[in-house]
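Below is one structure, written out as structure tokens; comments come after it.
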Amino acid sequence: MDKPQIGVIGMAVMGKNLALNIESRGYTVALYNRTGSKTEKVVADHPEKHLVPSYSIEEFVNSLETPRRIIIMVKAGAPTDGMIKQLLPYLTKGDVLIDGGNTFFEDTVRRNAELDQSGINFIGMGVSGGEKGALEGPSLMPGGQKAAYDLVAPILEKISAKAEDGTPCVTYIGPNGAGHYVKMVHNGIEYGDMELISESYNLLRNVLQLSVEEIAAIFEDWNKGELDSYLMSITADILTRKDDEGTGKPIVDVILDRAGNKGTGKWSSQSALELGVPQSLITESVYARYISALKSERVAASHVLNGPNLDDLNIDKKAFVEKIRQALYFSKIMSYAQGFEQLRVASEHYDWKLKYGDLA
Amino acid sequence: MIWREGCIIRAQFLQKITDAFNKDETLDNLMLDPYFKNITDKYQAAVRDVASLAIKAGVAVPGFTAAITYFDQYRSEVLPANIIQAQRDYFGAHTYERTDKEGTYHYEWYHEE
């Protein structure tokens, strides 16, 4: 086997899948995980693959072709700092560390500057597409030293998703925290898209009184036009599914109306507030999840506080379905308008020189 | 084109955003691009109707209302921030600018005792 051209640290599902994706493009990949048994299992499960396990940091670093390319896929925050600290004594000038975790961009700015003092390149890379994306082709948002990006670009272009015309869904985003920032706003925009689709569903279901099946058909139809998108298509699909525990109900009718979050939407709003740029769509979407989480309070309040009398709203249902479609597209445009305005203000503030057209 | 495949927000309409910035790299806001401006012209009546009906029916649509609110604010030559600035000057002497000439002004709202 060749000397590994790249190494992946962290054998949780994202790291493992990214490693397998890279290997599938013809590379030999070094693997390391804090708990060695996990690394052992990945190698045992894929005996035919060009995977080189290491059971100490030193062994892992020394196994790599130089300049070294290392992707860190561990928990964001302190675990990432801890891993960098462990690696540092074994690295040499010109090596490239890539943090593919769900990292707050200010941490990336700090780590990039700290490591730069030792001559180590540091790329903060947003990875979107979930577990499946990591394995089959994610959208990648790398930010850091441009020269370091050029050292890893051939690999990233091979493992990334491809647009319809074959363009890789990866490009150099900008210096230091630019990649993680763009990923953060991407996630915030995702919150907005999801919120707007849920509001459309709510109006169709609870104001127009349509059935789940009817709404599934409407969403499928919308997905053929201007609203064509992954989120529209999966929502249409979700609405066709029945409960898997045999109640016969649509699955959405048994899923509790409480939405969780991992914080990236909140970060987008916080950054917008810091920068003094309006970001009401993402912020309302975050609040909508927060208020959804107050389920028991809402249940209690629903028995106390009265809403309007819903006698006859006297609406032409068919015409109103089209109005909701238009409202959804209009609102989606406002959401992206705010998202790109935030990116522009951030780019000026942090001097990132983002290329907006490349992002979309 | 990085959001075109692989990620959760992938959508056909992202091409319109790429087109808009390819045409004008310094575009202040997407709404000002001709394609998006045309959509706002055509669809704003719908979002106003939908948001009104939702409010009348007691169904919360924070995303839709935030969208039309942002649109109406962004396209406003004049906003009621003059009142806010007057209030700030009144209670905190935070000063204000004028519509008709340069400079920073403070109004004597009351006589100090």
Original post:
Where does A:Val182 contact chain B at under 4.5 Å (heavy atoms): side chain, backbone, both or neither?
Top reply: both
Original post:
Under a 4.5 Å heavy-atom cutoff, which of A:Lys355, A:Met194, A:Lys332, A:Met232 has the most pairs with chain B?
Top reply: A:Lys332
Subject >> Closest non-hydrogen atom pair, A:Glu226 against B:Phe13 >> reply: O-CB, 4.1 Å
Subject >> Interface moiety of B:Asp28 toward chain A, non-hydrogen atoms closer than 4.5 Å >> reply: both
Original post:
Between B:Arg4 (side chain) and A:Lys162 (backbone), is there a donor-acceptor pair under 3.5 Å?
Top reply: no
Original post:
At a heavy-atom separation under 4.5 Å, does A:Thr167 approach chain B through its side chain, its backbone, both, or neither?
Top reply: side chain
Subject >> Side-chain touch A:Phe340/B:Leu27, heavy atoms, less than 4.5 angstrom >> reply: no
**OP:** Please state whether the side chain, the backbone, both or neither of B:Val59 comes within less than 4.5 Å of a heavy atom of chain A.
**Re:** side chain
Original post:
For B:Lys23, is it the side chain, the backbone, both, or neither that has a heavy atom closer than 4.5 Å to a heavy atom of chain A?
Top reply: neither
Subject >> Min side-chain heavy-atom separation B:Phe36-A:Met334 under 4.5 Å >> reply: no
**OP:** Without swapping roles, check the side chain of A:Glu199 against the backbone of B:Phe64 for a donor-acceptor pair under 3.5 Å.
**Re:** yes
Original post:
Side chain, backbone, both or neither: which part of A:Asn223 has an atom under 4.5 Å from a heavy atom of chain B?
Top reply: neither
Original post:
Aromatic rings B:Phe21 and A:Tyr356: how do their planes relate, parallel, tilted or perpendicular, breaks at 30° and 60°?
Top reply: tilted
Subject >> Value rounded to 0.5 Å, distance of NZ in B:Lys56 from CG in A:Asn309 >> reply: 14.0 Å
Original post:
What do the steps show when you test A:Asp358 against B:Met1 for side chain to side chain contact (heavy atoms under 4.5 Å, CB included), and what is the final call?
Top reply: CA-CA 5 Å; A:Asp358 288 356; B:Met1 311 266 281; over 6 Å; no
Subject >> 4.5 Å side-chain heavy-atom contact, A:Gln338 and B:Met31 >> reply: no
Original post:
For the atom pair OG (A:Ser139) and CD1 (B:Ile2), what is the distance rounded to the nearest 0.5 Å?
Top reply: 5.0 Å
**OP:** Examine whether an atom of A:Ser335 lies under 4.5 Å from a heavy atom of chain B, and if so say whether it belongs to the side chain, the backbone or both; otherwise answer neither.
**Re:** neither
**OP:** Please confirm whether the backbone N or O of B:Arg10 pairs with a side-chain atom of A:Ser229, one donor and one acceptor, at under 3.5 Å?
**Re:** no
**OP:** Go through the atoms of A:Glu136 and report whether side chain, backbone, both or neither lie under 4.5 Å from a heavy atom of chain B.
**Re:** neither
Original post:
To the nearest 0.5 Å, what is the distance between OH (A:Tyr230) and CD (B:Glu5)?
Top reply: 11.0 Å
Original post:
Which pair of non-hydrogen atoms, one from A:Ala337 and one from B:Asn29, has the smallest distance, and what is that distance?
Top reply: CB-OD1, 3.3 Å
Original post:
Would you say A:Ile291 has more than 12 foreign heavy atoms packed within less than 6.0 Å of its CD1?
Top reply: no
Original post:
What heavy-atom pair brings A:Tyr336 and B:Leu14 nearest, and what distance separates the two atoms?
Top reply: CE2-CD2, 3.7 Å
Original post:
So, for B:Val50 and A:Phe320, which heavy atoms are closest and what is the spacing to 0.1 Å?
Top reply: CA-CZ, 3.8 Å
**OP:** Would you name the heavy atoms of A:Ser331 and B:Val47 that are closest together and state the gap between them?
**Re:** OG-CG2, 3.9 Å
Original post:
Of all heavy-atom pairs between A:Pro278 and B:Tyr70, which one has the smallest distance, and what is that distance?
Top reply: CG-CE1, 4.0 Å
Subject >> Greater than 12 external heavy atoms within 6.0 Å of A:Glu322's CD >> reply: yes
Subject >> Other residues, nucleotides, ligands: >12 heavy atoms within 6.0 Å of A:Tyr287 OH >> reply: no
**OP:** Name the region of A:Leu140, side chain, backbone, both or neither, that has any atom closer than 4.5 Å to a heavy atom of chain B.
**Re:** backbone
Original post:
CG/A:Asn187 to CD1/B:Ile8 distance, rounded to the nearest 0.5 angstrom?
Top reply: 8.5 Å
**OP:** Kindly compute the distance separating CD1 (B:Ile9) from OG (A:Ser128), expressed to the nearest 0.5 Å.
**Re:** 7.5 Å
Subject >> Interchain contact, A:Asp228 with chain B, by part (heavy-atom threshold 4.5 Å) >> reply: both
Original post:
Which bit of B:Glu25 is near chain A, if near means a heavy-atom gap under 4.5 Å: side chain, backbone, both or neither?
Top reply: backbone
Original post:
Atom OH in B:Tyr43, atom CD1 in A:Ile333: separation rounded to 0.5 Å?
Top reply: 8.5 Å
Subject >> Side-chain donor/acceptor of B:Thr18 to backbone N/O of A:Gly357, under 3.5 Å >> reply: yes
